[in-house]
Amino acid sequence: MRFENVCIESVEALLPEHVVTSDEIEQRLAPVYERLNLPAGRLELMTGIRERRFFPPGTLPGGPAADVAATALRSARIEPSQVGALVHGSVCRDQMEPATAAGVHHALGLPASTTFLDVSNACLGLLNGMLLLAEGIEAGRYQVGVVTGAEIGRPLVEGTIERLLKDDAITRKSIKLEFASLTIGSGAAAIVLCHKDISRTGRRLRGAVTLADTSSHRLCHGGNLGEAMPDGRPS
């Protein structure tokens with residue numbers, strides 16, 4: 001797909017202040033490491049991840065998503081009243097329904113005419129949201145769109161640690177499958193797109209190509225229906 005009228009007006013990110021290193025996680029897992037005779041540093045060695053960041057306990061994604069979207073709008077010098085569409089593009093959501101985008105819409109003070117929806121597609125949610133907004137701008141349905149999102153990794157990491165400490169059946173082989181869940185962190189990002197006629201930056205989005213290979217769709221699962229989140233909320 002090609003775009004003739006779409007500009008990327010601003011891109012903003014929000015990182016939590018609380019840093020948790022892979023060494024800290026391994027210290028908490030010391031009883032497991034000792035029982036399995038695992039060398040310290042294995043988590044970083046296998047994943048390449050030295051640290052991740054967490055928002056305060058109890059944080060829901062809608063809050064940081066709204067904060068970073070507000071920052072992106074200010075950076076673009078675009079008023080909330082100009083926004084024609086809003087996409088919340090995270091895996092994490094405040095609840096199953098209504099859309100987390102509804103709370104973000106309210107927090108930003110967007111017009112009643114603003115279209116809003118959630119788009120969840122693993123790590124691709126923000127990019128998918130960008131393309132949806134770009135198509136709307138190109139078609140002339142609105143002049144400004146915002147895609148935002150926040151991921152909350154603390155419950156998954158904390159829950160994985162607690163489960164491993166209680167699992168007497170874990171082995172050197174099976175624990176490898178758990179390392180991906182220990183790499184997850186938290187953060188938020190937002191992107192403002194607009195029609196070229198009102199753009200101050202002139203940073204054109206020229207087009208996009210999408211390809212799919214879903215043969216490994218069962219490789220990494222999270223929040224299967226019927227399971228409970230580590231904090232007790234339904235997934």
Side-chain angles (χ1 to χ4, degrees), residues 13-68 88-96 100 103-104 118-126 148-190 216-235:
L14 173 64
L15 287 177
E17 295 182 359
H18 184 202
V19 175
V20 176
T21 66
S22 291
D23 287 344
E24 290 178 69
I25 290 177
E26 288 189 331
Q27 289 170 16
R28 293 182 59 183
L29 289 171
V32 179
Y33 269 54
E34 291 171 5
R35 180 164 59 83
L36 300 180
N37 194 27
L38 294 174
R42 189 179 183 86
L43 179 56
E44 182 178 338
L45 179 66
M46 290 186 63
T47 66
I49 294 175
R50 182 179 301 111
E51 65 180 40
R52 74 282 296 136
R53 294 174 179 242
F54 291 149
F55 290 112
T59 300
L60 295 178
D67 291 342
V68 74
H88 182 269
S90 295
V91 173
C92 297
R93 298 189 290 257
D94 286 7
Q95 62 275 314
M96 288 294 290
T100 300
V104 176
D118 288 354
V119 172
S120 182
N121 188 20
C123 300
L124 300 176
L126 290 181
T148 187
E151 303 296 0
I152 308 296
R154 181 189 291 269
L156 176 58
V157 174
E158 296 285 348
T160 301
I161 293 172
E162 292 178 10
R163 181 164 48 79
L164 290 176
L165 289 172
K166 298 175 182 177
D167 187 357
D168 293 332
I170 198 77
T171 66
R172 288 176 65 96
K173 181 179 180 179
S174 62
I175 197 172
K176 292 180 181 179
L177 302 177
E178 304 288 347
F179 280 179
S181 296
L182 297 173
T183 65
I184 305 300
S186 303
S216 299
H217 69 280
R218 298 186 63 84
L219 181 63
C220 183
H221 283 186
N224 294 325
L225 292 177
E227 292 181 355
M229 295 289 283
D231 60 2
R233 293 183 296 113
S235 58

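Treat the numbers as computed from the prediction; the structure is a model and nothing was measured.
Between atom OG1 of residue Thr21 and atom CD1 of residue Ile49 there is a gap of 12.5 Å, rounded to the nearest 0.5 Å. In this structure, OG1 in Thr171 is found 8.5 Å from CD1 in Ile175, a value given to the nearest 0.5 Å. In this structure, the separation between CD1 on Ile152 and OG on Ser90 is 8.0 Å, given to the nearest 0.5 Å. Interatomic distance, Leu156 CG to Ile184 CD1, rounded to the nearest 0.5 Å: 6.0 Å. The CG atom of Asp167 sits 7.5 Å away from the CD atom of Glu178 when rounded to the nearest 0.5 Å. A distance of 14.5 Å separates NZ in Lys166 from CD1 in Ile170, rounded to the nearest 0.5 Å.
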Between Arg28 and Glu158, is a salt bridge (Lys or Arg N to Asp or Glu O under 4.0 Å) present by the stated rule, with each step listed?
CA-CA 10 Å; Arg28 293 182 59 183; Glu158 296 285 348; 3.0 Å; yes

N/O donor-acceptor pairs under 3.5 Å from side chains in residues 51-59, not counting sequence neighbours:
unit_1: Arg52; atom_1: NE; unit_2: Leu182; atom_2: O; d: 3.3
unit_1: Arg52; atom_1: NH1; unit_2: Val20; atom_2: O; d: 3.0
unit_1: Arg52; atom_1: NH1; unit_2: Ser22; atom_2: OG; d: 3.3
unit_1: Arg52; atom_1: NH2; unit_2: Ser22; atom_2: OG; d: 3.2
unit_1: Arg52; atom_1: NH2; unit_2: Leu182; atom_2: O; d: 3.0
unit_1: Arg53; atom_1: NH1; unit_2: Pro16; atom_2: O; d: 2.9
unit_1: Thr59; atom_1: OG1; unit_2: Pro56; atom_2: O; d: 2.7

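For Glu26, there are no salt bridge (Lys or Arg N to Asp or Glu O under 4.0 Å) partners, not counting sequence neighbours. For Arg35, the salt bridge (Lys or Arg N to Asp or Glu O under 4.0 Å) test picks out no residue, with sequence neighbours left out. Residues satisfying the side-chain hydrogen bond (donor to acceptor under 3.5 Å, both in side chains) test with Asn121, not counting sequence neighbours, are Asn128. Partners of Glu44 according to the salt bridge (Lys or Arg N to Asp or Glu O under 4.0 Å) rule, which considers only residues two or more places apart in sequence or in another chain, are Arg50. Arg172 meets the salt bridge (Lys or Arg N to Asp or Glu O under 4.0 Å) test with no other residue; sequence neighbours excluded.
With contacts defined as side-chain heavy-atom distances shorter than 4.5 Å, the pair Ser186/Glu151 does not qualify.
A donor-acceptor pair under 3.5 Å links the side-chain atoms of Thr47 to the main chain of Leu43, judged by distance alone. Without hydrogens or angle criteria, Asp94 side chain to Gly62 main chain gives a donor-acceptor distance under 3.5 Å.
Nearest heavy atom pair, residue Val68 against residue Ala188, reads CG1-CB, 4.0 Å. Looking at every heavy atom in both residues, Thr148 comes nearest to Ala65 through OG1-O, 2.8 Å. Between Thr160 and Ser181, the closest heavy-atom pair is OG1-CB, 3.5 Å.
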